[in-house]
Amino acid sequence: MSESLTIALSKGRIFKEALPLLAAADIHPLEDPEQSRKLILPTNRPDVRLVIIRASDVPTYVEYGAADVGIAGRDVLMEQHDVDLYEPLDLGIGRCRMVVAEPAGLAAQDDPRSWERVRIATKYPHITRSHFSRKGVQTEIIKLYGSMELAPLVGLSDRIVDLVSTGTTLRENGLVEVEHIAEISSRLVVNKAAMKLKQRAVKDLIKHLEQKVSA
Ligand SMILES: Nc1ncnc2c1ncn2[C@@H]1O[C@H](COP(=O)(O)OP(=O)(O)OP(=O)(O)O)[C@@H](O)[C@H]1O
Ligand SMILES: O=P(O)(O)OC[C@H]1O[C@H](OP(=O)(O)OP(=O)(O)O)[C@H](O)[C@@H]1O
């Protein structure tokens, strides 16, 4: 009897970039989450289903076993640093970097080495506090949930900690990168019980994903 597998994914870029990886494991969703409001998607395999959730919720669903495995960005995993799950594989998708950014006008006469206290707008308060405390810099965090680039433009913060890939959003909002925090990519995460109780299905998935990622 084949072991059932529930895979947690978020819509958008992760879903699109994950499709070829899932295909390598002969997993093909039967519906497009962009065209459907369904949150549980069937696949070509009766023993495999996808649950479509917010990117920041993937670790929770996997940690508690509501999903056996999931795909989560390293940013989410670093921010939710205390989640209890396995992270066996870097999938090499969702590549970007986490940076400190500020208005170009401020950057012109700014020196990060002189920072003593900074006011940061971010979706990543834990990562931000850790980054600056390692440098002995005090932080005032303004927690946001998106469009962080606006904050310095309307005086909500001096700087932001956010993700960058092409740099377009920063550039079009007059911001520049001033410090690199981390390289980001999406990771496969696995529920600890599923790793044991569904070992054959989980290891088979990891094997196919590994082959695709390293191809
Ligand atoms: N510009 C980007 N380039 C590449 N990967 C990105 C980029 N922005 C975000 N990501 C990656 O994609 C993941 C999902 O980001 P996305 O913007 O789709 O969801 P979100 O809206 O940030 O999160 P949530 O769904 O929890 O609100 C992020 O956790 C990150 O790992
Ligand atoms: O360097 P770029 O290619 O411009 O990408 C950077 C943008 O990508 C993400 O936004 P996105 O719209 O994906 O998600 P959000 O809802 O968190 O803003 C991130 O928050 C940046 O705003």
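Every number for a ligand or one of its atoms is a count from 1 in the order of the listing. If you're wondering where the values come from, they're calculated on a predicted model, not measured in any experiment.
Between Asp75 and ligand 1, at least one pair of N/O atoms sits closer than 3.5 Å. Checking only distances, Ser10 never comes within under 3.5 Å of ligand 1, N or O to N or O. Checked against a 3.5 angstrom limit, the closest N/O atoms of Lys123 and ligand 1 fall inside it. Considering backbone and side-chain atoms alike, Gly167 places an N or O below 3.5 Å from some N or O of ligand 2.
The protein does not reach atom 16 (P) of ligand 1 closely, with no heavy atom under 4.0 angstrom from it. The nearest protein heavy atom to atom 1 (O) of ligand 2 is closer than 4.0 Å. Protein non-hydrogen atoms do reach within 4.0 Å of atom 4 (O) of ligand 2. Proximity of atom 16 (O) of ligand 2 to the protein is not indicated, since no non-hydrogen protein atom lies closer than 4.0 angstrom.
Contact analysis leaves Arg171 out of contact with ligand 2, as no non-hydrogen atom separation drops below 4.0 angstrom. The shortest heavy-atom distance from Lys123 to ligand 2 is under 4.0 Å.
Remark: Ser157 OG to Leu144 CG distance equals 7.5 Å, nearest 0.5 Å.
Under the 4.5 Å side-chain heavy-atom criterion for ILVMFWY residues, no single connected hydrophobic cluster contains both Leu77 and Ile184. Side-chain heavy atoms closer than 4.5 Å link hydrophobic residues (I, L, V, M, F, W, Y) into clusters, and following such links, possibly through other members, connects Leu188 to Phe15.
The residues Glu102 and Arg159 are annotated as salt-bridged, a charged nitrogen and a carboxylate oxygen being separated by less than 4.0 angstrom.
For Arg13, every heavy-atom contact with ligand 1 shorter than 4.0 Å involves the side chain, none the backbone. Residue contacts with ligand 2, taken as heavy atom pairs separated by less than 4.0 Å, involve Asp162 solely via side-chain atoms from C-beta onward. In Thr166, neither the side chain nor the backbone holds a heavy atom less than 4.0 Å from any atom of ligand 1.
Nearest to atom 6 (C) of ligand 2 among the protein's heavy atoms is Leu163 O, 3.4 Å. Here the heavy atom of the protein found nearest to atom 11 (P) of ligand 2 is Arg13 NH2, 3.7 Å.
Residue Thr166 approaches ligand 2 through these ligand atoms, each under 4.0 Å from one of its heavy atoms: 1 (O), 2 (P), 3 (O), 4 (O).
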